[in-house]
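Atoms considered below: every heavy atom in the structure, side chains included; atoms not considered: hydrogens, waters and symmetry mates.
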There are 2 protein chains.
Amino acid sequence: MQITRPTPIVEQVDSLLRDRIRAEYYLPGGRLPSETELAEELGVSRATIRTVLARMAVEGLILRKQGDGTYVNQHIRAINTHSGGMWDFTRLIASSGYQPTIREISLSIRPADDQEAEILSVEAGDPLLSIVRLFSADGRPAILAKNVIPGYLLKVSPDQVDGRLQIGDLLARCCHQKIAYTLTDISSMTTTPDAIELLNLPAGSSLLVLQVTFFNRNNHPIVHGRSYFNDSLLQLRLVQAWGAH
Amino acid sequence: MQITRPTPIVEQVDSLLRDRIRAEYYLPGGRLPSETELAEELGVSRATIRTVLARMAVEGLILRKQGDGTYVNQHIRAINTHSGGMWDFTRLIASSGYQPTIREISLSIRPADDQEAEILSVEAGDPLLSIVRLFSADGRPAILAKNVIPGYLLKVSPDQVDGRLQIGDLLARCCHQKIAYTLTDISSMTTTPDAIELLNLPAGSSLLVLQVTFFNRNNHPIVHGRSYFNDSLLQLRLVQAWGAH
DNA sequence: TAGTGGTCTAGACCACCCT
DNA sequence: GGGTGGTCTAGACCACTAC
């Protein structure tokens with residue numbers, strides 16, 4: 001049995017409002033109750049309501065108009081846009097309307113090369129846990145994801161690592177580490193030999209490459225990943241509120 | 001003379017703290033004063049300080065540790081990552097350490113094709129203002145940006161449009177429109193003929209393509225853009241806080 | 001145990017939009 | 001004018017971390 005703390009009110013309100021939007025209790029393009037009304041209905045202060053609405057506005061889920069009201073953004077169907085969601089490839093595939101499957105290609109301990117050592121702040125040759133996975137959408141290979149984790153972080157034996165976990169859960173389970181933030185470089189490339197084979201792409205076609213480094217709250221790099229993204233099959237979509245800064 | 005309103009305290013505090021971080025008044029990796037101290041120093045409430053710090057934490061600029069303190073993230077050098085910043089190519093190039101220049105390739109009124117009509121909610125054949133620009137970094141062509149704006153939005157004559165403005169400013173100036181949020185699809189492609197020529201790339205190389213639609217607060221599409229990004233020259237980098245949701 | 005950030009409240013006033 | 005979101009304050013209590 002897991003000990004659970006009372007969920008913060010903000011989180012509860014957040015879930016509730018998102019559920020209502022998803023269930024179209026608040027219609028797409030329709031207006032939400034005023035902040036005051038929501039606060040009264042849910043028995044919380046207006047400030048609490050406002051932090052939740054501010055979060056949803058940043059994601060573009062709702063549109064706020066001073067002097068008028070708050071509206072559901074009908075252009076945002078799936079919400080795969082924010083934070084953890086972007087690297088949860090299973091969810092990303094599902095929200096694109098496909099059936100996701102994960103295939104573990106390999107999981108092994110191997111020495112770090114120079115570049116990996118630099119990125120992960122370890123010495124070249126130090127052991128790394130290397131995980132290569134292939135995510136498919138309706139059976140068609142869509143994303144080839146390669147991740148490396150410094151070996152010293154591993155708290156369990158490699159064969160106990162579940163390659164089907166999302167990277168955040170895997171880190172929590174096997175390394176007792178929490179991700180604080182991620183740094184992503186987006187680039188493109190023409191296919192590499194293994195990408196051609198695993199993603200089943202014609203030679204010479206282009207691919208999206210997402211190069212991600214995950215840091216914990218002590219600002220230490222804990223995972224480095226390269227994901228090869230078949231963008232003819234899946235769409236990488238970002239939503240950004242403009243006024244946010 | 002432009003009428004100006006008093007800048008909100010939150011914005012002032014935001015600028016002040018970012019300036020201090022940039023100037024290394026707060027050292028990279030170093031600790032900021034506590035929320036209470038900052039509130040006292042600047043003569044504002046703790047809540048005000050907290051909304052600013054929350055914003056900076058979402059961008060990954062600072063790391064917050066409960067029971068400990070708030071720290072400057074030394075891994076974040078340039079802040080081109082958020083909101084408007086991402087589409088301000090001039091700033092993006094500058095923050096990558098290059099000297100940016102803009103060249104206007106063309107600026108004309110032309111009819112909308114089917115796809116553009118669909119995206120911009122107009123009829124095919126309706127007039128569009130089409131702007132093609134080339135952004136260079138240290139003289140080397142880096143980004144080819146094509147934008148189209150529904151003609152009915154234009155409040156000035158086309159030859160009065162300044163092709164060197166950032167897209168948000170251009171909309172404000174020429175269309176009296178404000179951007180509320182943007183929707184971006186990121187994909188890759190092998191070079192098109194005009195990209196080869198303008199971006200000076202070898203045939204068969206890959207490009208990043210950013211397909212952006214800008215909406216106003218009434219949720220009407222007001223601009224659609226395609227930007228071809230020479231990612232061997234410039235890096236498209238995202239920072240995301242993890243706990244944000 | 002002291003100090004930090006995290007959560008939450010209650011209430012005030014302002015700016016804006018609609019009618 | 002009446003209602004909406006935008007800004008800001010003062011203060012309370014909790015949870016976590018370092019010492």
Side-chain angles (χ1 to χ4, degrees), chain A residues 3-17 26 30-58 61-73 176 178 180 216-219 241-245, chain B residues 3-17 26 30-58 61-73 176 178 180 216-219 241-245:
Chain A
I3 295 178
T4 58
R5 302 203 166 283
T7 308
I9 295 182
V10 168
E11 300 304 328
Q12 296 183 48
V13 173
D14 190 286
S15 303
L16 179 72
L17 294 185
Y26 303 135
R31 202 168 81 161
L32 268 65
S34 73
E35 299 177 346
T36 314
E37 286 173 326
L38 282 172
E40 280 172 3
E41 182 205 341
L42 304 178
V44 301
S45 79
R46 193 182 153 217
T48 304
I49 296 290
R50 275 184 65 76
T51 71
V52 173
L53 294 180
R55 271 161 45 156
M56 301 203 298
V58 168
L61 228 196
I62 56 175
L63 298 173
R64 320 200 66 193
K65 303 193 215 176
Q66 186 173 1
D68 184 354
T70 301
Y71 294 83
V72 177
N73 187 348
H176 310 317
K178 265 193 194 170
N216 65 13
R217 65 199 166 140
N218 291 319
N219 218 348
W242 194 263
H245 183 56
Chain B
I3 295 177
T4 57
R5 302 202 165 286
T7 308
I9 295 181
V10 168
E11 299 304 328
Q12 296 183 47
V13 173
D14 190 286
S15 303
L16 179 71
L17 294 185
Y26 302 136
R31 202 169 84 164
L32 268 65
S34 74
E35 298 177 346
T36 313
E37 285 172 328
L38 282 173
E40 280 173 3
E41 182 204 341
L42 304 178
V44 300
S45 78
R46 193 182 153 213
T48 305
I49 295 290
R50 276 185 65 75
T51 71
V52 173
L53 294 180
R55 272 161 45 158
M56 301 203 298
V58 168
L61 228 197
I62 56 174
L63 298 173
R64 321 199 66 193
K65 302 193 215 176
Q66 186 172 358
D68 183 355
T70 301
Y71 294 82
V72 178
N73 187 348
H176 309 317
K178 263 193 195 171
N216 65 14
R217 64 200 168 139
N218 292 318
N219 219 348
W242 194 263
H245 184 55

Which nucleotide in the list [options] gets nearest to the side chain of [X]?
X: B:Arg46; options: D:dC8, C:dA12, C:dT7; value: C:dT7
X: A:Asp68; options: C:dC8, C:dC18, C:dT4; value: C:dC18
X: B:Ile9; options: C:dG5, D:dC8, D:dG5; value: D:dC8
X: B:Glu35; options: C:dG6, D:dG6, D:dC8; value: C:dG6
X: A:Arg50; options: C:dT7, D:dT7, C:dC16; value: D:dT7

Quiz item: Hey, does the side chain of A:Ser45 come within less than 4.0 Å of C:dG11's phosphate (OP1/OP2), counting only N and O?
Solution: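 Answer is no, no contact under 4.0 Å.
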Quiz item: Looking for any heavy atom pair under 4.0 Å, which part of the strands does A:Arg31 touch: base, sugar-phosphate only, or nothing?
Solution: nothing
Quiz item: Checking all strands, does B:Thr70 fall into the base, sugar-phosphate, or nothing category for heavy-atom contacts under 4.0 angstrom?
Solution: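 Result for B:Thr70 = sugar-phosphate.
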Self-check item: A:Gly43 or A:Gly67, whichever maps to the more 5' nucleotide of DNA chain C
Solution: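 Per heavy-atom nearest nucleotide, the more 5' residue is A:Gly43.
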Exercise. Could you walk me through whether A:Leu17 and A:Leu38 pass the side chain to side chain contact (heavy atoms under 4.5 Å, CB included) test, one step at a time?
Key: CA-CA 10 Å; A:Leu17 294 185; A:Leu38 282 172; 4.2 Å; yes
Exercise. Please round to 10 degrees the angle between the axis of the first five pairs and the axis of the last five pairs in the helix from C:dT1-D:dA18 to C:dC18-D:dG1.
Key: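 Computed from the C1' atoms at both ends, the axes differ by 10°.
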Exercise. Indicate yes or no for a side-chain donor-acceptor contact from A:Glu11 to the backbone of A:Pro8 under 3.5 Å, with no hydrogens or angles considered.
Key: no
